[in-house]
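Numbering starts at 1 and runs along the sequence shown. No experiment lies behind these values; they were computed from the predicted model shown. Ligands are counted one by one from 1 in listed order, and the atoms in each one are counted from 1 as well.
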Amino acid sequence: MFVARTVEDLQKTILDWKLQEHSIGFVPTMGFLHEGHLELIRSSQNICSKTVVSIFVNPAQFNDPEDYRKYPIDNEGDLKKCETSGVDLVFLPEKEVMYPNLEGNITLTQIDLQRNLCGRTRPGHFEGVMLIVSKLFHLVSPNKAFFGLKDFQQFRIIEDMVTLLNFPIEIHGVPTLRESDGLAMSSRNARLSSKERETASLIPRMFALAQRLIENGEQHPQTFTEILGDFLLSSASIKIDYIEAVHPRSLQIANDLKSDFLLAIAVFVGNTRLIDNQILKSKNL
Ligand code: PAF
């Protein structure tokens with residue numbers, strides 16, 4: 001496995017592979033890898049002949065400096081996991097490599113897809129994601145790139161960014177891997193105390209309740225999200241950032257629950273912010 005820390009090292013290997021007509025799959029990450037990331041790697045390996053993983057905690061996408069400071073890092077463990085998983089190249093740049101001190105700045109934004117969910121409650125977050133992902137896309141120039149559907153809004157924004165900016169890259173969304181109680185796998189789960197981890201299991205139980213409400217014919221998004229909110233607030237240590245039922249492509253608030261919709265939530269368990277998303281099938285009344 002190659003480990004590239006500079007753009008020159010990265011591009012030398014990529015160029016060799018392109019000359020040999022390899023198809024390059026890319027999995028961008030912020031490290032602290034878990035099974036969910038390994039699933040993205042496997043998805044790439046299934047359809048590409050070379051897989052590149054980047055590990056970079058991107059300061060531009062944190063709207064809370066404390067959240068950035070506390071983001072878990074384990075480069076040594078991550079490299080071992082990549083090696084064992086058969087990754088071909090890891091790009092592990094320092095901050096100065098991705099953000100050299102150049103004059104000027106550039107911002108990418110997508111107003112419509114950012115109106116709701118994390119776009120509303122984490123201003124600047126998706127601008128930071130689009131900036132780093134487009135920089136990485138230019139540097140790695142993959143054929144395909146793989147993103148987890150747990151971050152559904154991120155996936156939709158990247159999907160549209162690639163079309164709007166003509167990146168010749170196919171974007172693949174990979175279904176969320178879950179713990180045995182249904183909690184979505186996330187690097188942030190490592191920050192939960194055992195008591196908080198117990199509280200977090202209310203999230204998958206809330207999704208099960210949502211499914212039952214739909215099966216029982218609930219059609220009003222506001223009543224629906226209020227019931228779900230009350231369920232979560234049965235634990236004093238959960239704070240709701242948002243619970244929204246939105247259209248799965250436009251991410252605009254659903255007018256009713258008569259067609260399939262995305263149920264998206266972000267909550268704080270203690271100081272840890274967790275998100276989850278699931279597309280719920282309507283009862284087609
Ligand atoms: O999903 C993530 O881990 C990050 O947002 C990404 C795509 C690696 C960009 O920093």
- line: Cluster membership besides F146, Ile/Leu/Val/Met/Phe/Trp/Tyr side chains within less than 4.5 angstrom, sorted by chain and number, is M1, V3, V27, L38, L40, I41, I47, V53, I55, L79, V87, V90, L92, V174
- prompt: Which ILVMFWY residues can you reach from F32 by hopping between side chains whose heavy atoms are under 4.5 Å apart?
  reply: none
message: Does E21, at its CD atom, have more than 12 non-hydrogen atoms belonging to other residues, nucleotides or ligands within less than 6.0 Å?
response: no
Write none if no such pair exists; otherwise list each N/O atom of ligand 1 with its protein N/O partner under 3.5 Å and the distance.
{"residue": "ligand 1", "atom": "1 (O)", "partner": "Q154", "partner atom": "NE2", "Å": "2.8"}
{"residue": "ligand 1", "atom": "5 (O)", "partner": "Q61", "partner atom": "NE2", "Å": "2.9"}
{"residue": "ligand 1", "atom": "5 (O)", "partner": "Q154", "partner atom": "OE1", "Å": "2.7"}
{"residue": "ligand 1", "atom": "10 (O)", "partner": "Q61", "partner atom": "OE1", "Å": "2.6"}

task: Spell out, yes or no, whether I203 and F268 are grouped together once hydrophobic residues are joined by side-chain heavy atoms under 4.5 Å, including indirect joins.
output: no
field: Contacts of E96 that satisfy salt bridge (Lys or Arg N to Asp or Glu O under 4.0 Å) - sequence neighbours left out
entry: none
statement: Closest non-hydrogen contact found for Q153 with L113 is NE2-O, 2.7 Å
